[in-house]
**Q** 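Have a look at the structure that comes next, please.
Numbering starts at 1 and runs along the sequence shown. Bear in mind the structure is a predicted one, so any value in this text is a computation, not a measurement.
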Amino acid sequence: MPFTAFHHASNVLVFYVNGHMFSFFDCDNFSIVTLKCQPERIIELRERYSFIDDPYNESPKYWIGINTSDAPDNILKDLTMNSYLIVKSKYPQKTVK
């Protein structure tokens, strides 16, 4: 929970890969999950699914917000894995010598 200094974001749980965010949500209100997404997929996903909208406090060009009460588990899992893989491939872990 890296945002404890901010009153309205103190309960936001963030998931990281290689030191970079790929998912986050408010633990007190698990209604929206924010995930990284490919810009070229975002428009298609929003047109196809009513539960995908703008992200919470991130750029809508690279992030999506998913209404968890309406999203099927399999789509939420797939989009979470996609988010993880985007960040993992973009920011490979540094090798310690």
Side-chain angles (χ1 to χ4, degrees):
M1 294 193 196
F3 306 118
T4 55
F6 305 101
H7 176 68
H8 293 295
S10 62
N11 292 319
V12 172
L13 180 61
V14 179
F15 292 88
Y16 295 90
V17 60
N18 297 336
H20 297 272
M21 295 189 309
F22 72 91
S23 175
F24 63 90
F25 58 86
D26 187 331
C27 290
D28 291 335
N29 181 6
F30 188 64
S31 62
I32 301 291
V33 172
T34 301
L35 299 171
K36 190 90 168 179
C37 191
Q38 296 90 342
E40 62 274 11
R41 286 189 70 193
I42 292 174
I43 294 171
E44 173 197 338
L45 289 168
R46 286 188 183 155
E47 289 174 354
R48 187 171 183 190
Y49 301 113
S50 62
F51 52 82
I52 296 181
D53 204 352
D54 286 339
Y56 174 76
N57 209 26
E58 288 293 337
S59 170
K61 183 176 180 181
Y62 301 103
W63 294 82
I64 56 174
I66 301 176
N67 183 327
T68 58
S69 61
D70 296 334
D73 286 347
N74 63 323
I75 294 175
L76 184 57
K77 287 177 186 177
D78 287 347
L79 291 172
T80 301
M81 179 58 77
N82 178 63
S83 180
Y84 171 84
L85 293 172
I86 289 170
V87 176
K88 184 178 179 195
S89 68
K90 188 173 181 179
Y91 303 104
Q93 188 168 2
K94 295 178 182 175
T95 306
V96 178
K97 293 181 179 183

**Q** Tell me the salt bridge (Lys or Arg N to Asp or Glu O under 4.0 Å) pairs involving residues 42-67, sequence neighbours left out?
**A**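 Those involving residues 42-67 are R46-D54.
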**Q** Quick check for you: to the nearest 0.5 Å, what is the distance between T34 atom OG1 and F15 atom CZ?
**A**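 One gets 12.5 Å once the value is rounded to the nearest 0.5 Å.
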**Q** About how many Å separate CG of L45 and CD1 of I52, when rounded to the nearest 0.5 Å?
**A**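 Going from CD1 on I52 over to CG on L45, the span is 4.5 Å.
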**Q** Which heavy-atom pair separates M21 from V87 by the least distance, and what is that distance?
**A**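 Here M21 and V87 meet closest at O-CG2, 3.4 Å.
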**Q** Say you draw a straight line from CD1 of I86 to NE2 of H20; how long is it, rounded to the nearest 0.5 Å?
**A**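 So the CD1 of I86 and the NE2 of H20 are separated by 14.0 Å.
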**Q** Would you compute the distance between atom NZ of K90 and atom NZ of K36 and round it to the nearest 0.5 angstrom?
**A**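 Those atoms lie 5.0 Å apart.
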**Q** Do F25 and L35 belong to the same hydrophobic cluster, where Ile, Leu, Val, Met, Phe, Trp and Tyr are linked whenever their side-chain heavy atoms lie under 4.5 Å apart, directly or via other members?
**A**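 Yes, it is one cluster - the side chains of F25 and L35 are joined through contacts under 4.5 Å.
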**Q** According to side chain to side chain contact (heavy atoms under 4.5 Å, CB included), who are the partners of K88, at least two apart in sequence or on a separate chain?
**A**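 K88: side chain to side chain contact (heavy atoms under 4.5 Å, CB included) contacts with V17, N18, Y84.
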**Q** Let me confirm one number: the CZ-CG distance from F22 to N82, rounded to the nearest 0.5 Å.
**A**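 Going from CZ on F22 over to CG on N82, the span is 11.5 Å.
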**Q** Check residues 63-76 and write down every donor-acceptor pair under 3.5 Å in which the side-chain atom is one partner and the other belongs to a residue at least two apart or another chain.
**A**
from	atom 1	to	atom 2	distance (Å)
N67	OD1	S69	N	3.0
N67	OD1	S69	OG	2.6
T68	OG1	F30	O	2.5
T68	OG1	S31	O	3.3

